[in-house]
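Step one of this worksheet: look at the structure below.
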Amino acid sequence: LGRICIFVLAVSSTFFLLAHLQPCNHGPHHLRVVLYFIDLDISIKSMHGVTYHLRKGIAMLQLCAPPMNSLSHTLRSDLLRGLERAQKDRAAAIILTGTGKSFCAGADITEFARGKHNLVPALTDVITALDEVDIPTIAGLHGYCLGGGLELALACHWRYADLSAKLGLPEVHLGILPGAGGTQRLPRLVGVEIALDMMTSGSQINAKQAFAAGLVDGLLAEEGGLGS
């Protein structure tokens with residue numbers, strides 16, 4: 001009841017401010033600026049694999065499937081719902097992070113034996129949704145960012161990593177190749193030589209190496225802070 005009262009007060013304050021500000025042609029962006037200054041905070045935790053949090057117009061999607069945030073069917077479904085919710089909320093940006101020790105260690109390999117890895121939405125559906133979203137997307141990486149997890153990060157506009165991050169495409173160890181865009185996106189960022197080495201050897205690189213190669217756009221000084 002208390003949060004409802006706060007929400008009603010926030011909305012009332014918004015319309016009061018809109019009524020007393022000079023008219024402009026910014027449309028929904030104008031409302032978003034006002035919501036920023038009244039610090040409207042919305043949290044939705046009903047999704048099982050992803051927590052959605054909207055603060056000051058920024059949508060936070062946090063993978064919550066410990067210990068490795070593997071891309072199970074549940075998590076993939078929740079990611080799509082989170083992206084849809086961010087667009088519905090007219091978020092100014094989307095930040096994608098993971099809880100615990102890793103951003104995302106890739107596919108849930110237990111689903112291969114049960115035939116659930118191809119259930120809709122597949123990872124490619126999530127990647128397509130990230131491609132098509134008209135909101136800036138940022139991946140915050142820590143711990144393991146491997147396989148489908150790295151492909152998820154590659155689909156974002158920008159990637160930032162803390163010093164604990166380890167990035168790679170280890171699918172070759174399972175006798176397969178990356179199947180959700182990694183074979184195209186990785187060479188565009190780091191060049192063919194580094195990309196081929198990572199894909200054919202399955203080797204991992206650390207955050208500093210990823211930054212030097214152009215795979216991540218910036219480093220965060222605190223190690224492991226993104227998982228808290």
Side-chain angles (χ1 to χ4, degrees), residues 49-50 61 63 65-73 75-76 79-80 83 95-113 116-119 121-131 137-220 223-224 226-227:
V50 177
L61 291 176
L63 310 183
M68 293 297 180
N69 296 321
S70 299
L71 290 163
S72 65
H73 178 252
L75 193 145
R76 299 193 304 268
L79 268 174
L80 275 187
L83 292 172
I95 298 177
L96 182 62
T97 63
T99 57
K101 297 181 179 180
S102 296
F103 170 73
C104 176
D108 183 350
I109 59 175
T110 64
E111 291 191 345
F112 285 82
K116 294 183 66 177
H117 62 289
N118 283 326
L119 288 179
L123 178 58
T124 51
D125 298 319
V126 179
I127 299 296
T128 298
L130 271 171
D131 273 337
T137 52
I138 304 164
L141 312 177
H142 77 286
Y144 291 112
C145 178
L146 304 175
L150 179 55
E151 290 177 303
L152 189 67
L154 287 169
C156 294
H157 294 108
W158 296 284
R159 288 152 298 282
Y160 288 83
D162 74 14
L163 297 181
S164 70
K166 296 178 177 62
L167 301 85
L169 293 172
E171 286 89 345
V172 68
H173 295 306
L174 299 175
I176 58 177
L177 289 173
T183 54
Q184 291 81 44
R185 289 189 175 87
L186 186 61
R188 293 172 191 165
L189 290 175
V190 304
V192 173
E193 183 177 353
I194 295 176
L196 277 176
D197 179 65
M198 290 178 66
M199 287 186 285
T200 57
S201 69
S203 60
Q204 301 171 20
I205 61 175
N206 61 37
K208 291 183 178 179
Q209 291 170 322
F211 178 66
L215 180 50
V216 300
D217 299 284
L219 297 176
L220 305 176
E223 183 169 337
L226 284 171

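Counting from 1, the numbers follow the sequence of the chain as shown.
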Worksheet item: Is the closest side-chain heavy-atom distance between D108 and H73 below 4.5 Å?
Response: no

Practice prompt. Please examine the side chains of L63 and V50, heavy atoms only from C-beta on, and report whether any two atoms are closer than 4.5 Å.
Written response: yes

What distance do [X] atom [atom1] and [Y] atom [atom2] have between them, rounded to the nearest 0.5 Å?
X: L79; Y: L96; atom1: CG; atom2: CG; answer: 6.0 Å
X: L75; Y: L80; atom1: CG; atom2: CG; answer: 10.5 Å
X: H142; Y: S164; atom1: NE2; atom2: OG; answer: 6.0 Å
X: E171; Y: L146; atom1: CD; atom2: CG; answer: 8.5 Å
X: L186; Y: L215; atom1: CG; atom2: CG; answer: 6.0 Å
X: L154; Y: R188; atom1: CG; atom2: CZ; answer: 10.0 Å

Can you give each donor-acceptor pair under 3.5 Å made by side-chain atoms of residues 121-131, sequence neighbours left out, with the distance rounded to 0.1 Å?
{"from": "D125", "atom 1": "OD2", "to": "A122", "atom 2": "N", "distance (Å)": "2.7"}
{"from": "T128", "atom 1": "OG1", "to": "T124", "atom 2": "O", "distance (Å)": "2.9"}
{"from": "D131", "atom 1": "OD1", "to": "R185", "atom 2": "NH2", "distance (Å)": "2.9"}
{"from": "D131", "atom 1": "OD2", "to": "R185", "atom 2": "NH2", "distance (Å)": "2.5"}

What closest approach, in Å, do [X] and [Y] show between heavy atoms, and which atom pair accounts for it?
X: V216; Y: A161; answer: CG1-CB, 4.1 Å
X: A155; Y: T137; answer: O-OG1, 4.3 Å
X: P178; Y: E151; answer: CB-OE2, 3.4 Å
X: L71; Y: C104; answer: CG-SG, 3.5 Å
X: L141; Y: A153; answer: CD2-CB, 3.8 Å
X: C156; Y: A139; answer: SG-CB, 3.9 Å

Discussion item. For F103, is there any backbone N or O sitting under 3.5 Å from a side-chain donor or acceptor partner on N69?
Written reply: yes

Worksheet item: So, does R159 use its side chain to make a donor-acceptor pair with the main chain of L150 at under 3.5 Å?
Response: no

Practice prompt. Using a cut-off of 6.0 Å, state whether more than 12 heavy atoms not belonging to I109 lie near its atom CD1.
Written response: no

Atom pairs and distances, donor-acceptor, side-chain atoms in residues 199-210, under 3.5 Å, two or more places apart:
{"from": "T200", "atom 1": "OG1", "to": "L196", "atom 2": "O", "distance (Å)": "2.6"}
{"from": "S201", "atom 1": "OG", "to": "D197", "atom 2": "O", "distance (Å)": "2.5"}
{"from": "S201", "atom 1": "OG", "to": "S203", "atom 2": "N", "distance (Å)": "3.1"}
{"from": "S201", "atom 1": "OG", "to": "S203", "atom 2": "OG", "distance (Å)": "2.9"}
{"from": "N206", "atom 1": "OD1", "to": "K208", "atom 2": "N", "distance (Å)": "3.2"}
{"from": "N206", "atom 1": "OD1", "to": "Q209", "atom 2": "N", "distance (Å)": "2.8"}
{"from": "Q209", "atom 1": "OE1", "to": "N206", "atom 2": "N", "distance (Å)": "2.9"}

